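Every chain is numbered from 1 and lettered A, B, ... according to where its sequence line falls, protein lines coming before strand lines. Quick caveat, the model's predicted, so the values are computed rather than measured.
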Amino acid sequence: MPELAEVEYFRKQWSVGEGERVLRVVGHFQARIFRGITEHELVDALTGAKMTGSESRGKQMIFRFAGANVGIHLGMTGKLSVEKPDFSPGKHDHLVLYQKKQALVFSDSRLFGRVLLHTGKGEAPWWAKQAPDVLSEEFTKKAVESFLERRKGAPIKAVLLMQERFPGIGNWMADEILWQARIHPATRSGELTKEEADAIWKMTRHVTREALATVGKDWSDPPADWLFHHRWGRKGNCPRCGVELERGEVGGRTTSWCGKCQKP
DNA sequence: TCTCGTGTTTCTTG
DNA sequence: TCAAGAAACACGAG
């Protein structure tokens with residue numbers, strides 16, 4: 001379920017490898033997730049290299065090694081795990097970095113994920129062009145307002161999923177933001193009032209902060225009164241007013257909302 | 001057997 | 001050139 005908070009959680013799993021060298025690199029290098037890079041490039045860049053640090057921004061992660069940076073995007077079904085040093089990879093374990101004390105494993109059954117590599121001088125281009133974090137100072141009310149104006153014809157649900165302005169927001173977080181802001185997901189972005197646009201800004205940050213403090217920290221549940229706990233099944237009830245939740249496709253994605261709290 | 005999907009990229013249409 | 005929507009990608013879960 002890799003949205004921003006889950007991505008941060010997975011990054012922390014692999015970060016136990018910081019300070020240690022990679023002894024061996026094993027993978028299914030023909031898999032789609034490696035498009036654009038070759039087995040030779042990756043094995044060459046990482047074998048013997050020490051992991052020096054890692055960061056996540058939105059849904060993108062970077063793992064820094066001496067002489068190389070590896071980017072990982074988890075797609076829909078990707079996950080990172082830490083296994084014993086004698087781990088033998090299964091069908092969907094597409095990349096394994098063996099270290100002395102553990103094996104760092106990237107698995108992805110649907111192969112929508114992506115591995116990126118940058119060697120040489122300067123910051124990796126795919127990292128440098130990441131949009132500013134929603135908790136950063138650059139993510140201002142004004143930036144949100146002008147983005148909503150530019151995307152005025154699209155439903156707000158679809159706009160919240162646009163990584164160029166809302167990096168890390170995924171399907172459940174978008175639904176949560178709209179429910180907390182009491183805005184109907186199908187509302188055209190250009191029809192939101194200034195107050196509603198500000199509520200989008202505020203709740204984007206609030207939901208992100210809380211998700212990082214729970215899911216992102218230790219995979220614990222988000223606050224008990226969130227929509228999150230009710231939106232998954234066919235039938236759920238609004239945790240605020242008790243009305244049965246609506247469910248449908250908005251902006252091409254499955255969406256859950258409260259027909260009473262979130263008026264069109 | 002059949003439908004669905006926590007994401008992005010590319011194609012098509014306007 | 002831009003914006004919006006749909007299709008494509010691949011495969012396990014229910």
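Within the 3.5 Å criterion, the main-chain N or O of A:Thr77 finds no donor-acceptor partner in the side chain of A:Arg110.
With distances taken from any side-chain atom of A:His73 to the nucleotides B:dG7, C:dG12, C:dC11, the minimum falls on B:dG7. Across C:dA4, B:dG7, B:dG5, the shortest atom-to-atom separation from the side chain of A:Arg247 is found for B:dG5. Taking every side-chain heavy atom of A:Arg188 into account, C:dG5 is the closest of C:dA10, B:dG7, C:dG5.
OP1 or OP2 of C:dC11 has not a single side-chain nitrogen or oxygen of A:His92 nearer than 4.0 Å. Here A:Thr254 reaches the OP1 or OP2 of B:dG5: one of its side-chain N or O atoms lies under 4.0 Å away. When the side-chain nitrogen and oxygen atoms of A:Lys152 are compared with OP1 and OP2 of C:dA3, none of them lie within a distance under 4.0 Å. In this structure, A:Arg253 reaches the B:dG7 phosphate: one of its side-chain N or O atoms is under 4.0 Å from OP1 or OP2.
Rounded to the nearest 0.5 Å, atoms CZ (A:Phe63) and CD (A:Glu55) are 10.5 Å apart.
Counting atom types as modelled, A:Arg110 pairs no side-chain N or O with a base atom of B:dG7 as donor and acceptor under 3.5 Å.
What separates CZ of A:Arg231 from C1' of B:dG5 is a distance of 11 Å, to the nearest Å. The nearest whole Å value for the distance from the CE atom in A:Met76 to the P atom in B:dC4 is 13 Å. In this structure, the CD atom of A:Glu249 is 8 Å from the P atom of B:dG5, given to the nearest Å. Across the protein-nucleic acid pair, A:Lys91 atom NZ and C:dC11 atom C1' stand 8 Å apart, rounded to whole Å. The interatomic distance linking A:Trp172 (CH2) with B:dG5 (P) rounds to 18 Å, in whole Å. In this structure, the CD1 atom of A:Ile72 is 17 Å from the C1' atom of B:dT8, given to the nearest Å. C:dA10 atom P lies 12 Å from atom CG of A:Asp108, rounded to whole Å. Across the protein-nucleic acid pair, A:Arg32 atom CZ and B:dG7 atom C1' stand 11 Å apart, rounded to whole Å.
Contacts between residues 154-170 of chain A and DNA chain B, counted as heavy-atom distances below 4.0 Å, involve A:Gln163, A:Gly170.
The shortest heavy-atom contact between A:Glu6 and A:Pro2 is CB-CA, 3.8 Å.
Contacts of A:Arg151 with the nucleic acid, taken as non-hydrogen atoms under 4.0 Å apart, involve only primed sugar atoms and P, OP1 or OP2. Residue A:Lys79 is out of contact with every strand shown, counting any heavy-atom pair closer than 4.0 Å.
Aromatic ring centres of A:His118 and A:Trp126 lie farther apart than the 6.0 Å criterion allows. Proximity of the aromatic rings of A:Trp219 and A:Phe10 is defined here by a centroid distance below 6.0 angstrom, and this criterion is met. If you look at A:Phe166 and A:Phe139, their ring centroids are closer than 6.0 Å.
Within the 4.5 Å cutoff, no side-chain heavy atoms of A:Glu83 are placed close to those of A:Asp93. A:Lys50 has its side chain out of reach of A:Phe65: every pair of non-hydrogen atoms, C-beta onward, lies at least 4.5 Å apart.
Across all strands shown, the partner of B:dG5 is C:dC11, judged by Watson-Crick or G-U wobble contacts whose two distances both fall under 3.5 Å.
C:dA10 and B:dC11: their P atoms are spaced 15 Å apart (whole Å). A distance of about 22 Å separates the C1' atoms of C:dC9 and B:dT1, rounded to the whole Å.
By the stacking rule of 5.5 Å between ring centres and under 30° between planes, A:Phe112 does not stack on the base of B:dT8.
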